[in-house]
Amino acid sequence: MRAPVRVLVVDDQELVREGIASLLGIQPGIRVVGTAADGAEAVDAALALAPEVILMDVRMPGMDGVEAVTAIGSSAPGCKVVMLTTFDDEEYVVQALRAGAVGYLLKNLPAAELAAAVRLAHRGVAQLDPAVTRRLAAAPTPPPAPAVPPPPPRGEPEPTAREVEILRLVAAGATNREIASRLYLSEGTVKNHISRILTRLGLRGRAQAALYARDRGLL
C-alpha cells in the first residue's frame, strides 16, 4: 500500500487555506502536513515538513508564489509545486512555469479532482487548467501555431515531427496513457519519447515542455 502524498497548502487567505486543507485531508491517498500564509512561510515549511507536493497561491503579500517557487526549487528541489489560484493571467502562468512549477490550476476544482491533481503532480505529470491552456494558446505572442514549426534558435536541437505531436499533447495536459492512446503508441514508448525530448531540449519537466511548445507557436 502506497504511503499518502504529503501536501503543504499555501494561501494568504486563512478561510481559503484551511478550507482547502480540510477538503484535501479527507481524500484518500493525501496527507496535509501543514499550511503557510505566504511565500516566506512556504519556503520554511518546505524545509521543516518535507512535503512532496505544495499547492501555492500566486498573489500573496511579501514573497509571492512565483518567488517562493524559485526559492523552493533551490532549497527543496524534491518538492513539486502546483500553483492553485483564481488568476489565469498569461503573465502569471508563464512566470510560474518558468520558475519551476509543475502545474497551474484554478481554485474552482472539486475536491476529488484537486486530490487527483496532487497525485499526478507527485508522479511528475504537468497539469494546466483548460482555461489556462486556452489563455496561453490565445496569447498575442508568439503567433498561432504554423503548419510547419519555425526553426529553433541557433544551436538548439530541432524536435522531430513525432516530438512536436507529443509536445502539443503534453502542453494540453495529457497523461502518458492518453498520449499513447491518441498516437497508437505504448506508454513505455511515450515515456521514452518524453525523456528524450526533455534531455535534448534542456527542459526540467513537462511544465517547461508546455512552455517550450507555447513559445514556439506549437499550441
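Fair warning: this is a prediction, and the values are worked out from it, not measured in the lab. Below, all heavy atoms of this structure are taken into account, side chains as well, without hydrogens, waters or symmetry copies.
Nearest heavy atom pair, residue E165 against residue R162, reads OE1-NH1, 3.0 Å. Of all heavy-atom pairs between T86 and L106, the closest is C-CD2, 4.3 Å. Shortest non-hydrogen contact noted between Q27 and A111 is NE2-CB, 3.8 Å. The heavy-atom pair separating S75 from P77 by the smallest distance is C-CD, 3.6 Å. Nearest approach of V58 to M83, heavy atoms of both residues: CG2-CE, 3.7 Å. Listed here is the closest heavy atom pair of Y104 and V93: CE1-CA, 3.6 Å.
The side-chain heavy atoms of V170 and I197, taken from C-beta on, include no pair separated by under 4.5 Å. In this structure, D215 and R98 have side chains that are in contact, with non-hydrogen atoms separated by less than 4.5 Å. You'll find the side chain of P61 reaches within 4.5 Å of the side chain of D12, heavy atoms only. Inter-residue side-chain proximity for D11 and K107 is flagged as met; some heavy-atom pair is nearer than 4.5 Å.
With sequence neighbours left out, E113 forms a salt bridge (Lys or Arg N to Asp or Glu O under 4.0 Å) with no residue at all. By the salt bridge (Lys or Arg N to Asp or Glu O under 4.0 Å) test, E163 pairs with R200, sequence neighbours left out.
To the nearest 0.5 Å, atom CG of residue L55 and atom CG of residue L105 are 8.0 Å apart. Residue R196 holds its CZ atom at 8.5 Å from OG1 of T160, rounded to the nearest 0.5 Å. Interatomic distance, OH of Y212 versus CG of L198, reported as 11.5 Å (0.5 Å rounding).
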What side-chain donor-acceptor pairs closer than 3.5 Å can you find for residues 114-124, not counting sequence neighbours?
residue	atom	partner	partner atom	Å
R119	NE	P28	O	3.3
R119	NH2	P28	O	2.5
H122	NE2	E52	OE2	3.2

Quick one: side chains of residues 182-190, donor-acceptor pairs under 3.5 Å with protein atoms, not counting sequence neighbours, listed by atom name and distance.
residue	atom	partner	partner atom	Å
S186	OG	T189	N	3.0
S186	OG	T189	OG1	2.8
E187	OE2	R177	NE	3.3

Ignoring hydrogens and angles, write down the donor-acceptor pairs under 3.5 Å from the side chains of residues 29-47, residues two or more places apart or on other chains.
residue	atom	partner	partner atom	Å
D38	OD1	A40	N	3.2
D38	OD1	E41	N	2.8
E41	OE1	A37	N	2.9

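Following chains of ILVMFWY side-chain contacts shorter than 4.5 Å, one cannot reach L97 starting from V66, and the two form parts of different hydrophobic clusters. Cluster membership for I20 and L49, using ILVMFWY side-chain heavy atoms within less than 4.5 angstrom, is not shared. Using a 4.5 Å cut-off between side-chain heavy atoms of Ile, Leu, Val, Met, Phe, Trp and Tyr, with links allowed through other members, V94 and V69 fall into the same hydrophobic cluster.
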Applying side-chain contact (heavy atoms from CB on, under 4.5 Å) to M56 and I72, what does each step give before you reach the verdict? CA-CA 11 Å; M56 180 88 70; I72 289 168; 3.7 Å; yes
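A salt bridge does not link D57 with R17: every distance from a Lys NZ or Arg NE/NH1/NH2 to an Asp or Glu carboxylate oxygen is 4.0 Å or more.
Residue pairs meeting the salt bridge (charged side-chain N to carboxylate O under 4.0 Å, His left out) criterion with at least one partner in residues 60-78, sequence neighbours excluded, do not occur; the list is empty.
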